[in-house]
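Got a structure for you, written out below as structure tokens; questions coming shortly.
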2 protein chains.
Amino acid sequence: MARTSSTPYAILGFLTLTPMSGYDIRKEAASSIGHFWSESYGQIYPSLRKLEAEGLVRRQNTDSSGGRERQTFAITPRGRKALQKWRARAPHSAPPRNELLLKLFFADEQSATHDANWIAELKEKETARLAEYRSLRRQLLKEQRNHPSLPFWLATLRYGIHRSRAVVCWCQETLDMLGTYPAVANQVSQKNG
Amino acid sequence: MARTSSTPYAILGFLTLTPMSGYDIRKEAASSIGHFWSESYGQIYPSLRKLEAEGLVRRQNTDSSGGRERQTFAITPRGRKALQKWRARAPHSAPPRNELLLKLFFADEQSATHDANWIAELKEKETARLAEYRSLRRQLLKEQRNHPSLPFWLATLRYGIHRSRAVVCWCQETLDMLGTYPAVANQVSQKNG
DNA sequence: AAATGCATGTAACGCGTTACATGATTTT
DNA sequence: AAAATCATGTAACGCGTTACATGCATTT
């Protein structure tokens, strides 16, 4: 198996919940861990093949009811062991790369209007996310009330909430600061008070 | 020039401050934007060559006083224009990838001790960062008091502060949650109160 | 003389995205 | 019949890290 990629383990993780197709995994990932992790088909399908070749997953049944045939995979006992081993290894945190901040760092009074607009957008996006988090939280509390993993899922959600709140707060502070530049104050199409 | 990489622009940005060598850029980047951006030599040196070939930077003087010869680069007028154009383009935010959260999402009561330890470490790291931010802030306010870019630099710093505070807060909440599992409470080597 | 540190640079590798190709089914 | 949707898959590409190679100076 690949040395450093966590993609195969993300796949194994989802397959512990229930057997799934690559398509399902993608969809599930987007809705449940999308706020801190992303996977593309270009990663998932090849990974599934490798995992199958190593006996960590097995093809369950290819049912063709509705649409193209679906390849459903299930995790094997060896797959569960591999997942456990991965779980025990310390996570490495990737070096951060935030292009908005990079641009802001090299801003000047003339061009700061751009930043103000981007930051206003970001503020709205993160505010919208907070609403999504709340609804996702309600949904989890209702539909997964007794799932033993619920506390862990909620913990990752809380991370997103803390993060978004911090970002929204920073956005407002920074918009206020940028607003002190006349060039910015006059040009920004803002709904920030 | 490369289509999507922001590395060349980060380099151009630093060269607007003062002419520098690749080595200097790396050091400067680590200390000033290291909390939200990273560059490696493997990126910087080839980028500098390309930028030179395109006339966006020029080699200034290769002074060999002390150690190996130093290649110092300065930004050209065309380089400034390229930087301005980049500044005007909206930043794209990379899809997030947080391996700690991925592992936590697939945690179970047995293995949650690992997470608790990592989270305790993270909490200390982010707490230490907060102290670094404060000292960096003091330094900026003293040494760059009149630099026109100071407000933008402070804004990026505030981002880090908000972010770290949020993470520390989440860490504590999550440690408390994990502590309710007997298996975790007994095994974690903790100094968290 | 050896080891360490400064400074420049390259090569190889793997990862992940993007774009594309395919094919079947349902909708219009 | 055409368009849109579901589902699987591949190929190409670029980016960024890691590891390595080099060489000069200073320290021990």
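Throughout, protein chains are lettered first and strands after them, A, B, ... in sequence-line order, and every chain is numbered starting at 1.
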message: Is there a side-chain contact between S38(B) and the phosphate of dT17(D), meaning an N or O under 4.0 Å from OP1 or OP2?
response: yes
Whole-Å gap separating P (dC15(C)) and CD (E99(B)): 12 Å
query: Between dT17(C), dA7(C), dA7(D), which nucleotide gets closest to the side-chain atoms of K27(A)?
result: dA7(D)
query: Using a distance-only test with no angle check, is there a side-chain donor-acceptor pair under 3.5 angstrom linking Q84(A) and S111(B)?
result: no
- request: Kindly give the heavy-atom pair with the smallest separation between A166(A) and A166(B), and that separation in Å.
  value: CB-CB, 3.8 Å
field: Between dT8(C) (P) and K50(B) (NZ): distance, integer Å
entry: 18 Å
- prompt: Looking at E132(A) and R129(A), does any basic side-chain N land under 4.0 Å from a carboxylate oxygen?
  reply: no
- prompt: F73(B) has an atom CZ; how far is it from atom P of dG9(C), in whole Å?
  reply: 6 Å
- prompt: Over how many whole Å does the gap from L48(A) atom CG to dT8(D) atom P extend?
  reply: 9 Å
Nearest listed nucleotide, side chain of R49(B), among dT10(C), dA7(C), dT10(D): dT10(C)
- prompt: In terms of side-chain heavy atoms of T4(B), which of dT10(C), dT8(D), dC15(D) is nearest?
  reply: dC15(D)
message: Using the side-chain heavy atoms of S40(A), tell me which of these nucleotides is nearest: dT10(C), dT18(C), dA7(C).
response: dT18(C)
- prompt: Would you say dT8(C) has OP1 or OP2 under 4.0 Å from some side-chain N or O of Y45(B)?
  reply: yes
query: Rounded to the nearest Å, what distance is computed from the CZ atom of residue R26(B) to the P atom of nucleotide dG5(C)?
result: 16 Å
field: Hphob cluster co-occupancy, Y23(A) + V57(A), side-chain heavy atoms under 4.5 angstrom
entry: no
message: Using whole Å, what does the distance between atom P of nucleotide dG9(C) and atom CG of L51(B) come to?
response: 13 Å
statement: Closest to the 5' end of DNA chain C, once T7(A) and P46(B) are matched to their nearest nucleotides, is P46(B)
task: Indicate whether OP1 or OP2 belonging to dC15(D) is found under 4.0 Å from a side-chain N or O atom of R97(A).
output: no
Length of the line joining Q71(A):CD and dC6(D):P, which is rounded to integer Å: 18 Å
- prompt: Going only through I, L, V, M, F, W and Y residues with side-chain contacts under 4.5 Å, is there a path from Y41(A) to I11(A)?
  reply: no
message: The side chain of P95(A) is closest to which nucleotide in this list: dT17(C), dT8(C), dT17(D)?
response: dT17(D)
task: In whole angstrom, give the distance that lies between atom CG of D24(A) and atom P of dA7(D).
output: 7 Å
query: So which nucleotide from dG16(D), dT8(C), dA7(D) ends up closest to the side chain of S5(B)?
result: dG16(D)
- prompt: Side chains of Q172(B) and D176(B): do they bring a donor and an acceptor to under 3.5 Å?
  reply: yes
Nearest-nucleotide pick for S21(B), side chain only, options being dG16(D), dA7(D), dT8(C): dT8(C)
field: Nearest-neighbour nucleotide for the Y23(A) side chain, dT8(D), dG16(D), dT10(D) considered
entry: dT8(D)
message: Check the phosphate of dG16(D) against Q43(B), side-chain N and O only, distance under 4.0 Å to OP1 or OP2. Yes or no?
response: yes
